[in-house]
Amino acid sequence: MDWTTDLVCTARIMPGITLTSDQQFSLDQTLGCGQVFRWDHTADGWWYGVIGERVVRIRQVGRRLTFKGAPAPFISHYFSLDVNLRAIVSAIDRDPFIHAAISQCTGLRLIRQPKWECLVSYICSTNSNIPMIRHRISALARQFGKPVEFEGNTYYAFPEPSSISCGEHLLPVCRLGYRTPYVSDTAGKITEMNRWEDTITALPFEDARSELMKLKGIGPKAADCILLFAFQKYEAFPVDVWIRRIMQQNYLPDLNAGSHLTTREYDIVRHFARQHFGEYCGYAQEYLYAARGSSGDASLRPE
DNA sequence: ATCCAGGAAAACG
DNA sequence: CGTTTTCATGGA
């Protein structure tokens, strides 16, 4: 394809956003860091994703975002472009180790994920790796979600709780393993509840966390991810096996290095992080996670 | 084969 | 109450 032709067509047909000089943002860091599971990128720099019932195609060249499938305000809100990232990064930049992670992932933002989808995603995340989680979410959408045509391909919106609840006998097709009854049970409960998102949103952090953990399949880690990625409660600090390793190596050497993370150890880690990084410690967590394995101790790296 | 992956529920002392 | 065991899946 002719490069200049592509550029001209893009400028004429597709809407865009030009980031201001102090508006740090990296699309690749943001979509590639593992916070969200429904985006794919092509070799020529385009990302394709499903947000609600929209299919979006987007790419970034310098300060220019070009996209199709959603209006600019929607894109801006989804990617949290209204958030003052510079101020947040400055607030969490408390030591050399986090500083290195931040430098390596410049422009990484926490996005505003659809809440129900995020809830199910992190039920499906337990004791799994990212490719497996992506596969499960994709299977759920394909099985229960509304098909959406986009550029000649069929995508699937993430299904409403009632859609999953009504067809729960089909859940085993999605190969969720022992998480199947968790999703089924939670879909039923959320269907019964009246505006559960508003309830969680209105609660202070610890109360919101306890409330989420009443649902089947939501423990401390999943609750923290949901509060961080879908409810923008930035004081959440999810502790998975990677974060635990990183924290043990760089901040909490006395932490038990055994394979099993108890509730008490989890609380030690998250309370330390809240105190050390401050009210935006969730952002610190995501920078540490995104930089996992590529900074610090080489023995932590896979391969 | 054995271990691991963005853990959580249930059973056990 | 805190601690240990079990759970289903696919890739390395």
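Below, chain A is the first sequence line, B the second, and so on; all start at residue 1. Atoms considered below: every heavy atom in the structure, side chains included; atoms not considered: hydrogens, waters and symmetry mates.
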Problem set entry | B:dC3 versus C:dT5 - spacing of their P atoms, nearest Å |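 It works out to 15 Å between them.
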Problem set entry | Distance, P atom - from C:dA8 to B:dA11, rounded to whole angstrom |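 Going atom to atom, P in each nucleotide, I get 14 Å.
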Exercise. Which of the following nucleotides, B:dG7, C:dT3, B:dA8, is nearest to the side chain of A:Thr262?
Worked result: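 Of the candidates, C:dT3 comes closest.
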Pairing of [X] and [Y] as salt bridge, 4.0 angstrom limit:
{"X": "A:Arg270", "Y": "A:Glu206", "answer": "yes"}
{"X": "A:Asp82", "Y": "A:Arg112", "answer": "yes"}
{"X": "A:Asp44", "Y": "A:Arg59", "answer": "no"}
{"X": "A:Lys189", "Y": "A:Glu192", "answer": "no"}

For this session: Mind listing the residues from residues 113-132 of chain A sitting with a heavy atom below 4.0 Å of DNA chain C? Number order is fine.
Result: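 Contacting residues: A:Asn127, A:Met132.
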For this session: Check each residue of residues 219-231 of chain A for a non-hydrogen atom within less than 4.0 Å of any atom in DNA chain C, then write out the ones that pass by number, or none.
Result: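 Residues of residues 219-231 of chain A that come under 4.0 Å of DNA chain C do not exist, since none gets that close.
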Name the nucleic acid region contacted by [X], choosing base, sugar-phosphate or nothing; use a 4.0 angstrom heavy-atom cut-off, strictly under.
{"X": "A:Gly217", "value": "sugar-phosphate"}
{"X": "A:Val239", "value": "nothing"}
{"X": "A:Leu261", "value": "nothing"}
{"X": "A:Glu286", "value": "base"}
{"X": "A:Tyr182", "value": "sugar-phosphate"}

Please give, in whole Å, the distance from [N] [atom2] to [X] [atom1]?
{"X": "A:Lys214", "N": "B:dA8", "atom1": "NZ", "atom2": "P", "answer": "17 Å"}
{"X": "A:Arg209", "N": "B:dA8", "atom1": "CZ", "atom2": "C1'", "answer": "13 Å"}
{"X": "A:Ile243", "N": "B:dA5", "atom1": "CD1", "atom2": "P", "answer": "13 Å"}
{"X": "A:His260", "N": "B:dA11", "atom1": "NE2", "atom2": "C1'", "answer": "13 Å"}
{"X": "A:Glu265", "N": "C:dT4", "atom1": "CD", "atom2": "P", "answer": "10 Å"}
{"X": "A:Tyr178", "N": "B:dA10", "atom1": "OH", "atom2": "C1'", "answer": "13 Å"}
{"X": "A:Arg136", "N": "B:dA5", "atom1": "CZ", "atom2": "P", "answer": "14 Å"}
{"X": "A:Asp240", "N": "B:dC4", "atom1": "CG", "atom2": "C1'", "answer": "13 Å"}

Does a nitrogen or oxygen in the side chain of [X] sit under 4.0 Å from OP1 or OP2 of [N]?
{"X": "A:Arg179", "N": "B:dA9", "answer": "no"}
{"X": "A:Lys216", "N": "B:dA10", "answer": "yes"}
{"X": "A:Arg134", "N": "C:dT9", "answer": "no"}
{"X": "A:Arg175", "N": "C:dG10", "answer": "yes"}

Problem set entry | ring-ring contact (aromatic ring centres under 6.0 Å, His included), paired with A:Phe277, selected from A:Tyr287, A:Phe97, A:Tyr283, A:Tyr251 |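 Option passing the ring-ring contact (aromatic ring centres under 6.0 Å, His included) with A:Phe277: A:Tyr251.
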Exercise. Just checking, any donor-acceptor pair under 3.5 angstrom between side chains of A:Asp22 and A:Thr20?
Worked result: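 Judged by distance alone, the side chains do pair up.
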Exercise. Under 6.0 Å between ring centres, would you say that holds for A:Phe79 and A:Phe67?
Worked result: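 No.
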Exercise. Is the NZ or CZ atom of A:Lys221 both under 6.0 Å from the centre of the six-membered ring of A:Tyr122 and within 45° of that ring's axis?
Worked result: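 That pair does not qualify as a cation-pi contact.
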Exercise. Checking A:Arg54 against A:Phe74: charged group under 6.0 Å from the ring centre and within 45 degrees of the axis?
Worked result: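 Yes, cation above the ring, under 6.0 Å and within 45°.
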Exercise. Taking side chain as C-beta onward, heavy atoms only, is A:Thr201 less than 4.5 Å from A:Lys115?
Worked result: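 With C-beta onward as the side chain, the pair touches.
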Exercise. Taking the side chain as C-beta and beyond, is there a heavy-atom pair between A:Glu151 and A:Val55 under 4.5 Å?
Worked result: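 They are not in side-chain contact.
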For this session: Please figure out whether A:Pro238 or A:Leu215 has its closest DNA chain B nucleotide nearer the 5' end.
Result: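 It is A:Pro238, whose closest nucleotide lies nearer the 5' terminus.
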